[in-house]
Trainee: 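Following this message is one structure expressed as structure tokens.
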Amino acid sequence: MLGLATGSTPIGTYEKLVKQNVEGKVDFAHVITINLDEYVGIEKNNEQSYRYFMNTHLFNHVNVSMQNTYVPNGKADDLSIECQRYDDKINKVGGIDLQLLGIGHNGHIGFNEPGEYFEGNTHVVSLGKTTLEANSRFFASIEEVPTQAITVGMQAIMQAKKVLLLVNGVDKEFILNKALYGPITPKVPASILQLHPDLTVICCLE
Ligand code: PGA
């Protein structure tokens, strides 16, 4: 069971996985994927949705069974039921074996934004100003960026057997330092990863 992330950072990873799948080196036939997050209020076939991102960057090009790919439904009638359903799904398949993560400039992982406490369960989150600004690069204007998202919480991430944090760009150096070497605090959500027993960080800070 693979926990997957969206954003610019993992695109190269997905390109490599597609290539290796085509070459017969990687097989997705029995893989279940659980994505970290999805915008609220966006249809899954909307180009801005994270479902669309995953389909176009990975799922459409590898031999994964679409019914084994999970992304939260940001258009669910009842978002709290959707969050519960998502956690139930993660638990039913026995948790995440390998969780791929990026990090936001504000230290978020998934859409676990800086706050007063670490939120354990999948939940609806209001996106902070830094996140809205960062993500506006994919939209015509910042006003078009959805202001809410569903995100997997810290419990599923921390219970993943392995966590792989990918960090790309010198602009992430400051927050990566804080996350790895600063105090463990919900104000820097990624700092919780210091407590994970099997964390690998791959970073390119150029
Ligand atoms: P990025 O996003 O890979 O587009 O920088 C990472 C994140 O916000 O988690």
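One-based numbering, in listed order, for ligands and for the atoms of each.
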Trainee: Which protein heavy atom lies closest to atom 7 (C) of ligand 1, and at what distance to 0.1 Å?
Mentor: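 So the nearest neighbour among protein heavy atoms is His108 NE2, 3.4 Å.
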Trainee: If you measure every N/O of Thr6 against every N/O of ligand 1, is any gap under 3.5 Å?
Mentor: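 N/O-N/O distance below 3.5 Å does not exist for this pair.
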Trainee: Using heavy atoms and a threshold below 4.0 Å, how should the contact between His105 and ligand 1 be classified: side chain, backbone, both, or neither?
Mentor: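 It is neither; nothing of His105 touches ligand 1.
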Trainee: Just need the protein heavy atom nearest to atom 3 (O) of ligand 1, so name the residue and atom and give the distance.
Mentor: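 In this structure, atom 3 (O) of ligand 1 has Thr9 OG1, 2.4 Å as its nearest protein heavy atom.
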Trainee: Which residue, Leu101, Leu4, Val71, forms the side-chain contact (heavy atoms from CB on, under 4.5 Å) with Leu36?
Mentor: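 Single side-chain contact (heavy atoms from CB on, under 4.5 Å) partner of Leu36 among Leu101, Leu4, Val71: Leu101.
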Trainee: Quick test of your reading of the model: are Glu15 and Lys19 salt-bridged, counting only N-O distances below 4.0 Å?
Mentor: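 Judged by the 4.0 Å cut-off on N to carboxylate O distance, Glu15 and Lys19 do not form a salt bridge.
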Trainee: Using ring centroids (six-membered ring only for Trp), state whether Tyr70 and Tyr86 fall under 6.0 Å.
Mentor: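 Judged by ring-centre distance (under 6.0 Å), Tyr86 and Tyr70 do not meet the cut-off.
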Trainee: Does at least one non-hydrogen atom of Lys172 fall below 4.0 angstrom from an atom of ligand 1?
Mentor: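 Yes, that is the case, since the closest heavy atom of the residue is under 4.0 Å from the ligand.
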Trainee: Just need the protein heavy atom nearest to atom 6 (C) of ligand 1, so name the residue and atom and give the distance.
Mentor: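 Minimum-distance protein heavy atom for atom 6 (C) of ligand 1 reads Ile103 O, 3.5 Å.
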Trainee: Pick one of side chain, backbone, both or neither for how Leu101 approaches ligand 1, counting any non-hydrogen atom pair under 4.0 Å.
Mentor: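 Contact part for Leu101 vs ligand 1: neither.
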Trainee: Students often mix this up, so state it plainly: with edges at 30° and 60°, are the rings of Tyr50 and Tyr39 parallel, tilted or perpendicular?
Mentor: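 Geometry flag for Tyr39 against Tyr50: tilted rings.
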Trainee: Would you please name every residue forming a ring pair (Phe, Tyr, Trp, His ring centres under 6.0 Å) with Phe53, sequence neighbours left out?
Mentor: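 Result, ring pair (Phe, Tyr, Trp, His ring centres under 6.0 Å) vs Phe53: His57.
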Trainee: Answer yes when Lys187 and Glu116 have at least one side-chain N-carboxylate O distance shorter than 4.0 Å, and no when they do not.
Mentor: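 A salt bridge links Lys187 with Glu116.
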Trainee: List ligand 1 atoms under 4.0 Å from Gly7, heavy atoms only on the residue side.
Mentor: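 That gives atoms 3 (O), 4 (O) of ligand 1.
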